[in-house]
Amino acid sequence: MSEGKLGSEVVDAADVTDVADVADVPVRVADGCFPVETLGPGRRLGVWFQGCALACPGCMSRHTWDAAGGRATTVGELLKSWEAALALGAAGLTVSGGEPLAQPAALAALLRGADRLRRARPPGGRAGRDEAEKSEATPAPLPDVPDFLVYTGHEPDEVPDRLPEEVWAALDGADAVVTGRFRVAEPTDLVWRGSANQRLVPRTPLGIRRYAPHLACTYPPGPRISLRPNDTGTGANVYGVPARGELRQVERSLSSTGIHLTNPSWRP
């Protein structure tokens, strides 16, 4: 979706909100990167969940489809990356995939834990920690803190006939969501969306403040994606939502310098 039948065990996302510690919740991920500046406003931590049964034609992230691919980790490990990103001034957290709703319990746990950490770090330090320690049933309004953006190929009208309500509820912790399948035949210039049918939907007061100004914004001229070497030095990762033809342009540009891509994730 943006890096490039739901999971067999569906756990009620509401159960996650009742546990004291989300660190041990298992999750399978394809990638994580900070900073990412092409998937939401500002410098962000990007986390890509592994596994997607939607298999949209033309998807740039085919490597994230296999539910058994990527790597197994825990929400606690992802939260360590989030805490490090916060210390470096992260403007937000973007969760994509794959399909995050294929792992609803992990998504709900990640957003809940990430919320605790962002509430502990507003200006004033101790005051933020005091708020984080209060009952989470009635959390205090957030100041201008990092936001959470989640990409999903699902849409609200799929609930409950095609998507259980408890799965959709995993998005409750998101400040904004981008919804809808990627449709390769419907390109768009709207920021952070891959096709014209996709919707950017603010869900919280913070989401409205952060995303309402961008609902009708289009990309300026220039690249929409960034290319970075992977951790092993054996390949590269592409981050962002490419314009039509942009990935082919990247391939041609690299080829002209003697760098030839093998098995790019956007090819069948």
Side-chain angles (χ1 to χ4, degrees), residues 1-4 28-52 54-67 69-71 73 78 81 85 90-100 102 149-153 178 180-196 198 200 214 217-268:
M1 180 179 296
S2 55
E3 185 200 15
R28 199 159 195 95
V29 298
D31 193 13
C33 182
F34 178 82
V36 174
E37 300 181 73
T38 51
L39 294 169
R43 291 159 50 89
R44 311 176 67 82
L45 174 66
V47 174
W48 287 264
F49 276 36
Q50 181 72 27
C52 181
L54 301 179
C56 299
C59 173
M60 67 177 288
S61 302
R62 296 172 63 90
H63 64 294
T64 68
W65 290 2
D66 182 1
R71 63 182 178 88
T73 186
L78 299 183
S81 297
L93 167 67
T94 296
V95 184
S96 186
E99 172 52 61
L149 172 65
V150 179
Y151 281 80
T152 175
V178 174
R181 312 290 201 273
F182 171 68
R183 297 178 183 170
V184 68
E186 301 180 23
T188 183
D189 290 326
L190 293 171
V191 295
W192 310 320
R193 282 149 281 185
S195 54
Q198 293 181 331
L200 172 60
H214 300 284
C217 286
T218 56
Y219 282 104
R224 301 184 187 181
I225 57 176
S226 61
L227 184 70
R228 298 183 190 174
N230 63 18
D231 292 338
T232 64
T234 60
N237 295 330
V238 176
Y239 299 115
V241 184
R244 174 174 283 188
E246 187 172 3
L247 293 172
R248 290 193 297 272
Q249 292 174 2
V250 168
E251 288 192 67
R252 288 196 295 266
S253 177
L254 290 173
S255 180
S256 69
T257 67
I259 300 174
H260 302 283
L261 299 183
T262 57
N263 302 318
S265 63
W266 50 88
R267 287 185 188 161

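All of these numbers come straight from a predicted model, not from anything done at the bench.
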Keeping the roles fixed (side chain from Thr94, backbone from Gly46), state whether a donor-acceptor pair exists under 3.5 Å.
no
Rounded to the nearest 0.5 angstrom, the CD-SG distance for Glu99 and Cys56 is 9.0 Å
Counting N and O atoms only, with roles assigned by atom type, does the side chain of Arg224 sit under 3.5 Å from a partner on the main chain of Tyr219, one being a donor and the other an acceptor?
no
Check Leu45 against Ala85 and note the closest heavy-atom contact, atom names and distance.
CB-CB, 4.1 Å
Distance check, rounded to the nearest 0.5 Å: Thr73 atom OG1 versus Gln50 atom CD?
13.0 Å
Where Leu200 and Trp192 come nearest, the two heavy atoms and their spacing
CD2-CE3, 4.2 Å
Side chains of Val238 and Val250: closer than 4.5 Å at any heavy-atom pair?
no
From Asp31 atom CG to Thr64 atom OG1, the distance as rounded to the nearest 0.5 Å:
10.5 Å
State, with a plain yes or no, whether a side-chain heavy atom of Val191 is found less than 4.5 Å away from one of Val241.
no
Would you say Leu149 and Val95 make side-chain contact, with heavy atoms under 4.5 Å?
no
Are the side chain of Gln249 and the backbone of Glu246 linked by a donor-acceptor contact shorter than 3.5 Å?
no
Might you work through the side-chain contact (heavy atoms from CB on, under 4.5 Å) test for Val47 and Val29, ending with a clear yes or no?
CA-CA 7 Å; Val47 174; Val29 298; 4.3 Å; yes
Distance, nearest 0.5 Å, that separates CZ of Arg193 from SG of Cys217
8.5 Å
Less than 6.0 Å separating the ring centroids of Tyr151 and Trp48?
no
Minimum heavy-atom distance between Thr188 and Gly194, given as atom pair plus value:
CG2-C, 4.0 Å
Value for SG (Cys52) from CG (Asp66), rounded to nearest 0.5 Å, stands at 11.5 Å
Checking Arg71 now: which residues fulfil salt bridge (charged side-chain N to carboxylate O under 4.0 Å, His left out) with it, not counting sequence neighbours?
none
Shortest non-hydrogen contact from Arg244 to Pro187?
NH2-CD, 3.4 Å
Who passes salt bridge (charged side-chain N to carboxylate O under 4.0 Å, His left out) against Arg183, sequence neighbours left out?
Glu186
Okay, side chain of Arg44, backbone of Val36: is any donor-acceptor separation there less than 3.5 Å?
no
Kindly say whether Glu37 contributes a backbone atom to a donor-acceptor pair with the side chain of Arg43 at under 3.5 angstrom?
no
What distance do Leu93 atom CG and Leu78 atom CG have between them, rounded to the nearest 0.5 Å?
9.0 Å
So with a 6.0 Å cut-off around CZ of Arg248, is the heavy-atom count from everything else above 12?
no
For the residue pair Ala102 and Gly51, what are the closest heavy atoms and their distance?
CB-O, 4.0 Å
Taking C-beta and beyond as the side chain, do Phe49 and Arg28 meet within less than 4.5 Å on heavy atoms?
no
Are any non-hydrogen side-chain atoms of Cys33 and Tyr239 less than 4.5 angstrom apart?
yes
